[in-house]
J.: 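Quick one: structure below, then a few questions.
Below, all heavy atoms of this structure are taken into account, side chains as well, without hydrogens, waters or symmetry copies.
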Amino acid sequence: MARPQLRVHLGSDCSHDLSSSFDEPTKCPDVTVTLADVLPLLADAVQMRRAWVQDFMQDQITLSADLYGVLMAYQDLRKTG
């Protein structure tokens with residue numbers, strides 16, 4: 001399977017190219033990526049029961065209001081279905 005090419009926006013004073021190397025971590029506290037870039041990686045890590053996923057289970061994430069609304073509606077549908 002080909003390694004995904006993540007596109008990351010780090011802000012004006014941050015730069016790090018994730019497609020080239022993971023050897024040097026970013027010095028920025030937060031990065032912004034698309035859901036399409038990160039979801040397949042997270043889904044695979046959860047399915048494969050990677051231990052590092054547990055390290056981040058208490059981390060908070062920021063979602064757009066639209067995505068949050070869709071997720072809440074989906075959660076309600078799952079409860080009633």
J.: With sequence neighbours left out, what residues match T62 under side-chain contact (heavy atoms from CB on, under 4.5 Å)?
T.: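 Per chain and number, T62 pairs via side-chain contact (heavy atoms from CB on, under 4.5 Å) with no residue.
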J.: Assigning hydrophobic clusters by single linkage (Ile, Leu, Val, Met, Phe, Trp, Tyr; side-chain heavy-atom cutoff under 4.5 Å), is V46 placed with W52?
T.: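 Yes, one cluster joins them.
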J.: Are V70 and Y68 joined in one hydrophobic group, where the rule is that I, L, V, M, F, W and Y side chains link up if heavy atoms are under 4.5 Å apart?
T.: no
J.: Could you report the tightest heavy-atom contact between P40 and L35, atom names first, then the distance?
T.: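 Answer, listing the atom of P40 first, then L35: CD-O, 4.1 Å.
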J.: Without placing hydrogens or testing angles, list every side-chain donor-acceptor pair under 3.5 Å for residues 71-81, not counting sequence neighbours.
T.:
unit_1 : atom_1 : unit_2 : atom_2 : d
T80    : OG1    : D76    : O      : 3.3
T80    : OG1    : L77    : O      : 3.2

J.: Might you point out which heavy atoms bring D59 and D55 nearest each other, and give the distance in Å?
T.: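 Scanning both residues completely, I find the closest heavy atoms to be OD1-O, 4.4 Å.
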